[in-house]
Amino acid sequence: MDGDASMVGLLGRVTGTIGPGLVGEVIVRIRGGAEHFLAYPAAGKERIEPGTVVVEHLPPRTVYVTAAYDS
């Protein structure tokens with residue numbers, strides 16, 4: 001659970017488009033470095049381009065994200 005709290009709210013950089021039926025990838029700056037995570041949209045039909053916020057973390061390497069900025 002501690003890992004969950006440290007990830008939620010962090011900004012990530014999308015390196016592969018995230019959307020319905022697509023597993024994307026984000027890079028998140030955490031623990032003094034940058035780590036890659038598999039990413040799914042928090043809202044199932046959302047398509048996400050660069051600029052994301054981590055809303056849920058499923059250890060060890062999966063996150064659910066939402067757009068940080070409106071396009």
How about Y64 and H57: are their ring centres within less than 6.0 Å of each other?
no
Under a 3.5 Å distance rule, please check whether R61 uses its side chain to pair with a backbone N or O of H36 as donor and acceptor.
yes
Report the distance from atom CE of M7 to atom OG1 of T62, rounding to the nearest 0.5 Å.
10.0 Å
Among L38, V63, V23, V26, the one residue meeting side-chain contact (heavy atoms from CB on, under 4.5 Å) with I18
V26
Of all heavy-atom pairs between L10 and V28, which one has the smallest distance, and what is that distance?
CD1-CG1, 3.8 Å
Could you pull out the closest heavy-atom pair between V53 and A68, with the gap in Å?
CG2-CB, 3.6 Å
Flag, side chain of T15 to backbone of E25, donor-acceptor distance under 3.5 Å:
yes
Test of understanding: clusters of I, L, V, M, F, W, Y form through side-chain heavy atoms closer than 4.5 Å, transitively. Do I27 and I48 belong to the same one?
no
Is there a chain of hydrophobic side chains (I, L, V, M, F, W, Y, each step under 4.5 Å between heavy atoms) that links L58 to Y40?
yes
Answer whether the closest heavy-atom distance between the side chains of R47 and L22 falls below 4.5 Å.
yes
Are any non-hydrogen side-chain atoms of P41 and T66 less than 4.5 angstrom apart?
no
